[in-house]
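This report refers to the structure that appears directly beneath it.
Hydrogens, waters and symmetry mates are skipped; everything else that's a heavy atom, side chains included, is used.
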Number of protein chains: 2
Amino acid sequence: MTSVERPGRRPTIADIAAQAGVSPTAVSFALNDRPGISEQTRTRILAAVAELGWRPNVAARALGGRRADTVGLVVARPARTLGVEPFFAQLVSGLQARLSADRVALQLLVVEDVSAELDVYRRWAAERRTDGVVVLDLKQDDPRPEELARAGLPAVLVGGDGTPGPVPAVFADDHAAMIVLAEHLAALGHVHVGHVGGIPASIHSARRVAALHDTGARLGLTITTVPTDFSQDEAAAATRALLAHDERPTAIVYDSDVAALAGVTVLAEAGLSVPGDISVASFDDSALVRLAHPPLTAMTTDTFELGELVGQTVLSLVRGQAVPDVVGAPPPRLTVRGSTGRVPEVVA
Amino acid sequence: MTSVERPGRRPTIADIAAQAGVSPTAVSFALNDRPGISEQTRTRILAAVAELGWRPNVAARALGGRRADTVGLVVARPARTLGVEPFFAQLVSGLQARLSADRVALQLLVVEDVSAELDVYRRWAAERRTDGVVVLDLKQDDPRPEELARAGLPAVLVGGDGTPGPVPAVFADDHAAMIVLAEHLAALGHVHVGHVGGIPASIHSARRVAALHDTGARLGLTITTVPTDFSQDEAAAATRALLAHDERPTAIVYDSDVAALAGVTVLAEAGLSVPGDISVASFDDSALVRLAHPPLTAMTTDTFELGELVGQTVLSLVRGQAVPDVVGAPPPRLTVRGSTGRVPEVVA
DNA sequence: ACGCCCGACTAAAGCGCTTTAGCCGGATCA
DNA sequence: TGATCCGGCTAAAGCGCTTTAGTCGGGCGT
């Protein structure tokens, strides 16, 4: 059995002050690079800090100083479903990397639904646990931005529709990206294109559907979208539905990497070869789609980099610096791999 | 542009005390369920709390009370590689779920290597940022348990070798699990079994290798282990190496789900059918291996549940309750899917 | 030679909560 | 009846840091 006891108390600013022969105030000033301390004294103080191994007590700092040096991320998803798609982990890595460069911690919370998420925001704001938060998975008419603004909790949205709102957003233009993808398929001669989409209430899903259909209309494509809840099961079912469709598509676009993988499995079971019989493209790129056989054509986003950008934005925000209402992230690029090819001759 | 200003100040304990007509001390006692407050007064105080919407200021609480109500998780992996395997996200979900049930926050940090990780522990211990930490990816002769014990930072290891050390560990017996898997393959008639392993320095990889080889010796199997760094590329290369081996294995065991998926792709490219020509099993189960075609036989662990158990353990620990040196987690169970079958007749 | 200013530093208050001494009055006991 | 006890509550001292008022002494201007 093991139980724990903290060792002897840590040095405080008072200890350093004593060691350096100055007042605690002088130490605080020296540590925070404020004027009024001679170079000589400052050096002496820093030496004492190093010698005693002093570290700021974050709680004390937050109490006095008003900053918790912590940013929160609340994810409203069924907890057990988290973790299949690399997107989330990649984003968190990037976010975290940017934050920790500035010694700001990332606090993570997974909740069941948006209402629980709102509770958390209210609680965090009141408890002063975090200086700001990052919000994912924007929905149509999402109540969160407004609620956050009301609670006075600085926040940064990831995604959204690219229009200014009460809370700044980091926005990657997947509308434009979807157009690129549609043009790629059109160039290969595809006319009937299937689309395994996401939850219609999700803003980015809706935007993708709109982009695909608009572009389809422009280029003379027939688009069939089947919405799903992003689960593999529904993606598989959607794929079967598309195959059974009157005008069986010669290409299918999947909104996520996981969905695409599930779809490819269905195609394999149906005895269809990719891209010989049918082309497949994923809207999300990740290590997973490279695992498929053949590797999938996809729209590539550097999600890690997106996370860093989000981190940068939230840091600026909590420091009271002005932040654009919409921060543009690099748009996804088309990465052509082996899963898309010319439309099969047979059709015509 | 948006910039932020916090709204009017939050109520403090003093406000509640005034509202309820008692002293701040009485409020604190009532809030912390300490004796010496009459039921009537307590009710009045709680009413005031509700009315004013008071919330504890965590910083103040940590300053006085000595507890940060935060648990840390530091992961030493190249940040960009994080997120491919569901294991991590699942574990975090479970851990987080257990912690947040007790209003304890999870702080996440990704660092480049173990030495940076140690720095973080020292810093956190000094800053009192976290009450305890969770440690993953144990290596042989890992310096972390000892260092944590020295720093006086309560910690819980995930994995390890099942022997008591300076820090309590939550341990799932993958040794036993690997034996089950080997027996499954032996029962199907396989004799030459390939094994795509992990990093030899990793404790759990080493334990799996040992288990597999021991059982192989007992059952008369020939085991060929190829170590990898857990990456897909090396897993693919290892698979090719096994196929080129003098005694080509009739079954391959992969140490991770991602590796197995990469391997299956290689097999498909080589024109081998699974399980007709070769059987495949993954040591990690996850949504991914169910995506493969055919879905893979795997050792199933409820990683979410494991995370919850880790959370429970770390909570007990930071509360000063005694914790067993080794907490047993449910052992992985064999889930037979379509990817393992009888050894092909051709051989004989 | 006197008052001023300014740089360098200190004293002390305060952030919001917990906790350790008490204090006070009524019930209990001898 | 007086000493004791005890439940119910308050005063006040921290926790470690930041910040706002100074203080102090020497160089400067006149």
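One interatomic measurement links the two molecules: CD1 of A/Ile13 to P of C/dA12, which rounds to 18 Å at whole-angstrom precision. Distance B/Leu31 CG to C/dG16 C1': 12 Å, rounded to the nearest Å. Atom CZ in A/Arg34 sits about 9 Å away from atom P in D/dT18, given to the nearest Å.
Counting heavy atoms of neighbouring residues, nucleotides and ligands inside a 6.0 Å radius, atom CD of A/Gln140 exceeds 12 of them. Taking a 6.0 Å sphere around CG of A/Asp141, one finds it holds 12 or fewer heavy atoms contributed by other residues, nucleotides or ligands.
With sequence neighbours excluded, no residue forms a side chain to side chain donor-acceptor pair (under 3.5 Å) with A/Gln107.
Within the nucleic acid shown, B/Pro24 has no heavy atom closer than 4.0 Å to any nucleic acid atom.
For B/Thr25 against C/dT18, a side-chain-to-base donor-acceptor contact under 3.5 Å is absent.
Judged by distance alone, with hydrogens and angles left aside, the side-chain atoms of A/Arg144 form a donor-acceptor pair with the main-chain N or O of A/Leu136 at under 3.5 Å.
Between A/Arg61 and D/dT18 there is a side-chain polar atom (N or O) within less than 4.0 angstrom of OP1 or OP2. Here A/Asn57 does not reach the OP1 or OP2 of D/dC15: none of its side-chain N or O atoms lies under 4.0 Å away.
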Strictly under 3.5 Å: I want the nitrogen or oxygen pairs between protein and nucleotides 6-9 of chain C, one per line.
residue : atom : partner : partner atom : Å
C/dC9   : OP1  : A/Thr41 : OG1          : 2.6
C/dC9   : OP2  : A/Ser38 : N            : 2.6
C/dC9   : OP2  : A/Ser38 : OG           : 3.2
C/dC9   : OP2  : A/Thr41 : OG1          : 3.3

